[in-house]
Number of protein chains: 2
Amino acid sequence: MARPRNFNEAQALKSAMHVFWQKGYEATKVPDLLAATGLSRSSLYETFGDKQALFEASIKEYNRSITGVRLVQLQRGRTAKEGLTLFFDHLIATCLDESTPSGCLMVNTTTTLDPHDQRIKEIVNESGKGFHEAFLALLERAKADGEISSSQNLQDLVHMLVAIIVGINVMARTTMDAATLQTMADSTINVVFS
Amino acid sequence: MARPRNFNEAQALKSAMHVFWQKGYEATKVPDLLAATGLSRSSLYETFGDKQALFEASIKEYNRSITGVRLVQLQRGRTAKEGLTLFFDHLIATCLDESTPSGCLMVNTTTTLDPHDQRIKEIVNESGKGFHEAFLALLERAKADGEISSSQNLQDLVHMLVAIIVGINVMARTTMDAATLQTMADSTINVVFS
DNA sequence: TCTTTTCTGGACTAATTGTTCCGGAACGCG
DNA sequence: CGCGTTCCGGAACAATTAGTCCAGAAAAGA
């Protein structure tokens, strides 16, 4: 009937997400998005609405793909410790991969969050909660399997664990040094599974 | 001889620093800086140069005052453990104080750092190095005093400790919950001084 | 009071921003 | 081959941006 789309909407969204991930919302200008997606101005606005809407779509996409894949690693181990190891391996690998930005879009967004932007805040909080729960589940599994002391307060431990991972995601933006990142990961694993 | 300054330059710089701290470089517009400092456009440009220069001055001021005061806490304890405790107490107190932004300007800057901005990168790296060294010194003191096991690899431990603190500074921007922040701090102290 | 210096408010500019809009081209289908 | 629909390039626009500039006010000392 009508002329079909000349571009892949999902692919374009991923490209836009990468730009926001690397540069942040404010520093990302519409021409950057046009260049990254390859879309024309009209197509971009027609497809995604305005910049704010595209950003919102981008962080949702980020949670779906990037964060999702990272968290899945936790369950891909025969033990909880192995799961956490796989998580860090995957995190470090993507940070070293030059075709994707380092760090975490959710973390970056948190540090520049406009307190009045309720919609974005909501999404970030939701993502954080999912993150927290995934690690809590891992620790509960570890406790049930006797991998960690049964006297450990899991809530306290998971708070600390999440804080470390957030910190690593920040430092990964400047520290491309694989050894340093690996050291942080190893220390963390050792602390949790003492 | 001539008309003296009608404003306090140091005070104006502090005000500008607060804006950058809260909103980030890109989201901070010149009118925001005028409102915060109370200066006129001409005075601002005359005194501090352009926006970039003012930002650079702001992060230097941040390192001098905020980070400086935070790190000094480490030495204000009779033991290393007490020093770390004081550090966290001070950090949490300032995060809860509504008259100053939460989190850390250096951390925020890292997550939105333009990779091509060499000058800013330099300052942030320098600050990070100082931070690292201060905590390394604390741990060395702890080891010498027998507060931590002599078999601990201090370099690994300090990397993890710094990552946690960075993470806490990120989470403090959304989590104003004192209890959660305190929990993270307590867990960290327990891990380091096991 | 007069001079000299410097601050200050606001007008001004030039570039960039996000966003809209339209005419024409491209495509699938009958 | 036309028809209808959709895409797309680029022009156009209004708002906002960072930054400049100048005329006059303000202050301190002679």
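Order of the sequence lines sets the chain letters (A, B, ...), proteins ahead of strands, with each chain counted from 1. Model, not experiment: these values are computed from the prediction.
Taking atom CG on A:L34 and atom P on C:dT16, their separation rounds to 16 Å, with Å as the unit. Look at OH on B:Y45: it is 13 Å from C1' on C:dT13, rounded to the nearest Å. In this structure, B:L54 places its CG atom 12 Å from P of D:dA18, rounding to the nearest Å. Atom CZ in B:F48 sits roughly 17 Å away from atom C1' in D:dA18 (whole-Å rounding). Whole-Å rounding puts the B:D32 CG to D:dG19 P distance at 14 Å. Rounded to whole angstrom, the span from the CD atom of B:E46 across to the P atom of D:dC21 amounts to 12 Å. Counting to the nearest Å, the P atom of D:dT6 and the CD atom of A:E9 are 14 Å from each other. Protein atom CD of B:Q52 is 15 Å distant from nucleotide atom C1' of D:dT17, rounded to whole Å.
Within 4.0 Å of A:T47, counting heavy atoms only, lies no atom of the nucleic acid at all.
Under the 4.0 Å criterion applied to side-chain N and carboxylate O atoms, A:R119 and A:E122 are not assigned as salt-bridge partners. With salt bridges taken as basic N to acidic carboxylate O contacts below 4.0 Å, none links A:K143 and A:E140.
Side chain of A:K121 to main chain of A:P115: a donor-acceptor pair is present (N/O by atom type, distance under 3.5 Å, no hydrogens or angles). Formation of a donor-acceptor pair under 3.5 Å by the A:S102 side chain with backbone atoms of A:R173 is not found in this model.
Across D:dA18, C:dG18, C:dT8, the shortest atom-to-atom separation from the side chain of B:F7 is found for C:dT8. With C:dT19, D:dG10, C:dA11 as the choices, the nucleotide that has an atom nearest any side-chain atom of B:R41 turns out to be C:dA11. Checking C:dG9, D:dA18, C:dG18 against the side-chain heavy atoms of A:P31 singles out C:dG18 as nearest. Comparing D:dA18, C:dG18, C:dC7 by their nearest atom to the side chain of A:K51 picks out C:dG18. Picking from D:dC8, D:dA18, C:dT17 the nucleotide with the shortest atom distance to the side chain of A:K29 gives C:dT17. The A:S42 side chain lies nearest to C:dC22 when the options are D:dG19, C:dC22, D:dT17.
Contact check, A:S40 against D:dC8: no side-chain N or O comes under 4.0 Å of OP1 or OP2. For D:dC8, one of the phosphate oxygens OP1 or OP2 lies less than 4.0 angstrom from a side-chain nitrogen or oxygen of A:S43.
Note on ring orientation: taking the six-membered ring where Trp is involved, the planes of B:F20 and B:Y25 are parallel (angle under 30°, cut-offs 30° and 60°).
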